[in-house]
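Heavy atoms only: backbone and side chains are in, while hydrogens, waters and symmetry mates are out.
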Amino acid sequence: MIDISIKDVVKAYDDGVNILDGLSFDVQAGEHIGILGKNGGGKTTLFRLLTKEIRPDSGEIMIAPGKSMGLISQIPNYPKEYTTEDVLKTAFSKIFSIEKKMAELSEKMATEYSDSIMKEYDRLTSEFQRLGGYDMDFRLGKVANGLDIPEAMRKRLFSQLSGGEKTRVNLARLILEDTDILLLDEPTNHLDLHATEWLEDYILHFRGTVLSISHDRWYLDTIAQRIIEIGDGKAEFYSGNYSFFVEERQRRFDEQMKKYEKDRAKLEQLQRAAEQMHLWAFMGNDKLHKRAFSMEKRIDKLSQTEKPGLAKKMTAGFKETDFNGDEVFVLDGVSKSFGEKKLFSELTMLIKGGDRIALIGDNGTGKSTLIKILLGEEIPDGGYVKKGPSVKLSCLPQIISFEDESRTLYDTMLWDGNCAPQEARNRLGQFMFPGENVFKSVSALSGGEKSRLKLCIIMKDDINFLILDEPTNHLDIASREWIEDAVMGYGGALLFVSHDRWFIEKFANRIWELENGEITDYRGSFSEFREFKKRAAAIQRAAAPAEPAPEKKKAEKKPRTGSSEKQRNKLEKEISRLEEEIASLEKEALETGSDYKRLIEIESEKEEKDLKLLELYEAWEALE
């Protein structure tokens, strides 16, 4: 069954250029698709068309009848007095409507009774249970915990939240609504590692359709069953995840290049043959002119073949200085607080030459503050920080800024980079700012271009310790790869803060996890770190004492006689047992916290028991 059908869609904006130019593809029900393409290439325009925020200039877009659709980047307007909890509960508006009707019927039945009222009440009760009315609080808590929406945030006014927090809440609301088709526009941008992994688990178990625009390659590798790349207004299709896309795109490029080179060779051969035939025709064989003209038509067709191209890679590398000694940085008893909030205390760590350290942790744990302490921009409350005597440090900050952004790139290299004129042009060219591009103003650059320009400046210097604070944040995939190309050639010590797991896996040989004010030091890659965490969590669960069973709830019994009474008593015991097991699962879910894998298992167990309980209720009612 097709959920989305797009046929020959064309869309242009005020400049008259078609951002989508005959776009066509179908999405099957339940598919999880990653959408790729350059910034400004039409990805967000596609989502706006699907939600009918804008209309196509031509072409057709069909959504399967009865299917609901939600877009994460669209945040509705709510009343000013709404708390975050109120916003989350709007996902249950249909359930609340049914609950209100049930209450009205219940009041009516107190004064009058009829079969029609009873049947309507029974119908509403079944619908209430089918929609999860009895599980609202459990579901809300599970999703809010998974997406890092703590109790304190849920009590705050929604209007007071930051843009990133509002995006997280809106994502949680869409998940709670059980939307049939999810359109996710950069869903991991405002999530930490735990929340991102929770979202991935949710999508992997989600039976509906998902379209994700994302530059998070690990996320796309995990959730995407198919990749659609939008370029030049049209779509290219890849039947696999991001890793498959990378390999298949290269294979297609190699094939196209072989065909291009074969066509060029054939073109040269035909040109020589056509010239020879024209010559022979002038020497008396007029029939050869006709054959030469026929060849020239083939030549015209072959000459129109464009040379295939891939995105260019940066060729520049870091200049490095020799490092003498093992100690790059020493932290001894370092502590830092802001008011009553203690970020970390008694940190004692050693950074050595050759270390490539990924500093990870949830948002707000103090990662950027620790970076600022190493840079001397913050003073620790206690302890000391010692830099090695021959250490030459440079930093690519999270927020890129320049002294005067009205300057051109060329002037910025002269002033900020302290370059000679020709050196400035040469270096900018190495960093993919060729020709007249060097005369653009810095203020006109995108985030990725500013990162490249900053790297162009800092890589000019002799350094042996490089700090990167969220180097790939909000960058498209091409810009992330450019930064990775530059860092790949750097051989000194490296410390970086990042949520980009692809980047972490590529560069880290040591993981610092900042959690509860302490750093745990893992030697190895990010994949090895993840495996270690999984094993540790499994051991902890196995060693945990069993929870005492809650006090049994005795079902209210009515006097009965014969086999009917025995059958009813048996059903009531089964119902009581299942209710206890469900209550125990709900309690475990609330206490499980960030063990998202176990939360998924609990939810699956609970769904099975809820279905069984519903069957027992129906059997019990049949004995009335």
Quick one, E513 with K533, criterion salt bridge (Lys or Arg N to Asp or Glu O under 4.0 Å). Give me CA distance, side-chain angles, the key distance, then yes/no. CA-CA 11 Å; E513 185 182 33; K533 295 281 283 186; 3.1 Å; yes

Taking [X] first and then [Y], would you say they form a salt bridge - that is, a charged N and a carboxylate O separated by under 4.0 Å?
{"X": "E200", "Y": "R501", "value": "yes"}
{"X": "R577", "Y": "E580", "value": "no"}
{"X": "D500", "Y": "R217", "value": "yes"}
{"X": "E104", "Y": "K101", "value": "no"}
{"X": "E85", "Y": "K155", "value": "no"}
{"X": "D21", "Y": "K11", "value": "no"}
{"X": "R156", "Y": "E151", "value": "no"}
{"X": "D232", "Y": "K38", "value": "no"}

If you count the non-hydrogen atoms of other residues, nucleotides and ligands that lie under 6.0 Å from OH in Y134, is the total more than 12?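 More than 12 within 6.0 Å, yes.
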
[X] side-chain N/O to [Y] backbone N/O, donor-acceptor pair under 3.5 Å:
{"X": "K43", "Y": "G37", "result": "yes"}
{"X": "R168", "Y": "L147", "result": "yes"}
{"X": "T179", "Y": "L182", "result": "no"}
{"X": "D135", "Y": "F138", "result": "no"}
{"X": "T196", "Y": "D192", "result": "yes"}
{"X": "S162", "Y": "E165", "result": "yes"}
{"X": "T84", "Y": "M153", "result": "yes"}
{"X": "R207", "Y": "G30", "result": "no"}

Are E505 and S527 linked by a side-chain donor-acceptor pair shorter than 3.5 Å?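 Per modelled atom types, E505 and S527 side chains form a pair under 3.5 Å.
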
Scan side-chain atoms only and decide if T83 and D86 contain a donor-acceptor pair under the 3.5 Å cut-off.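 Yes, because at least one side-chain N or O of T83 sits under 3.5 Å from a partner of the opposite role on D86.
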
Any non-hydrogen side-chain atom of [X] less than 4.5 Å from a side-chain atom of [Y]?
{"X": "I213", "Y": "F47", "result": "yes"}
{"X": "V10", "Y": "L20", "result": "no"}
{"X": "I4", "Y": "L211", "result": "yes"}
{"X": "I504", "Y": "F529", "result": "no"}
{"X": "I175", "Y": "F206", "result": "no"}
{"X": "V9", "Y": "L49", "result": "yes"}
{"X": "K166", "Y": "N170", "result": "no"}
{"X": "K94", "Y": "L131", "result": "yes"}

Dump the intermediate steps for salt bridge (Lys or Arg N to Asp or Glu O under 4.0 Å) on D137 and K142, then the final yes or no. CA-CA 9 Å; D137 291 340; K142 184 187 78 168; over 6 Å; no

How long is the straight-line distance from [atom2] of [Y] back to [atom1] of [X], given to the nearest 0.5 Å?
{"X": "F244", "Y": "Y238", "atom1": "CZ", "atom2": "OH", "answer": "9.5 Å"}
{"X": "N145", "Y": "H194", "atom1": "CG", "atom2": "NE2", "answer": "13.0 Å"}
{"X": "I228", "Y": "S212", "atom1": "CD1", "atom2": "OG", "answer": "11.5 Å"}
{"X": "T209", "Y": "D3", "atom1": "OG1", "atom2": "CG", "answer": "3.5 Å"}
{"X": "E177", "Y": "S68", "atom1": "CD", "atom2": "OG", "answer": "7.5 Å"}
{"X": "L204", "Y": "H32", "atom1": "CG", "atom2": "NE2", "answer": "8.0 Å"}

Run the salt bridge (Lys or Arg N to Asp or Glu O under 4.0 Å) check on E127 and R130 step by step: do they pass? CA-CA 5 Å; E127 183 69 1; R130 186 186 69 80; 2.7 Å; yes

Could you go through T125 and M102, starting from their C-alpha distance and side-chain angles, then the distance that decides it, and tell me whether this counts as side-chain contact (heavy atoms from CB on, under 4.5 Å)? CA-CA 7 Å; T125 302; M102 288 169 62; 3.7 Å; yes

I would like to know whether D178 and R139 meet side-chain contact (heavy atoms from CB on, under 4.5 Å); could you show each step before the answer? CA-CA 11 Å; D178 282 339; R139 289 165 57 203; 3.5 Å; yes

Test L171 against L199 for side-chain contact (heavy atoms from CB on, under 4.5 Å), laying out the working first. CA-CA 10 Å; L171 175 58; L199 176 63; 4.0 Å; yes

For [X] versus [Y], what's the shortest heavy-atom pair and its separation?
{"X": "S214", "Y": "L220", "value": "O-CD1, 3.5 Å"}
{"X": "M69", "Y": "L183", "value": "SD-CD1, 3.6 Å"}
{"X": "G34", "Y": "A224", "value": "N-CB, 4.0 Å"}
{"X": "F344", "Y": "T365", "value": "CD2-O, 4.3 Å"}
{"X": "I149", "Y": "A172", "value": "CD1-CB, 3.8 Å"}
{"X": "L23", "Y": "I6", "value": "O-CG2, 3.4 Å"}

Full working for side-chain hydrogen bond (donor to acceptor under 3.5 Å, both in side chains) between Y78 and S159: CA-CA 8 Å; Y78 298 103; S159 59; over 6 Å; no

Could you tell me how the ring of F96 sits relative to the ring of F92: parallel (under 30°), tilted (30 to 60°) or perpendicular (over 60°)?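 Ring orientation of F96 relative to F92: perpendicular.
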
CA sep, side-chain torsions, deciding dist, call: S479, D476, side-chain hydrogen bond (donor to acceptor under 3.5 Å, both in side chains): CA-CA 5 Å; S479 296; D476 61 22; 2.9 Å; yes

Trace of the side-chain contact (heavy atoms from CB on, under 4.5 Å) decision for T45 with Y13: CA-CA 10 Å; T45 297; Y13 289 111; 2.9 Å; yes

Quick one: list whatever passes salt bridge (charged side-chain N to carboxylate O under 4.0 Å, His left out) with E528, sequence neighbours left out.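 Once residues adjacent in sequence are excluded, E528 has no partner under the salt bridge (charged side-chain N to carboxylate O under 4.0 Å, His left out) criterion.
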
So which pairs with a foot in residues 216-237 pass ring pair (Phe, Tyr, Trp, His ring centres under 6.0 Å), sequence neighbours left out?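 For residues 216-237, and leaving out neighbouring residues, the ring pair (Phe, Tyr, Trp, His ring centres under 6.0 Å) pairs sorted by first residue read W218-F526.
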
Worked check of salt bridge (Lys or Arg N to Asp or Glu O under 4.0 Å) between K7 and D26: CA-CA 8 Å; K7 187 175 181 182; D26 292 335; over 6 Å; no

So, F158 versus Y82, ring centres under 6.0 angstrom or not?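 No, ring centres 6.0 Å or more apart.
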
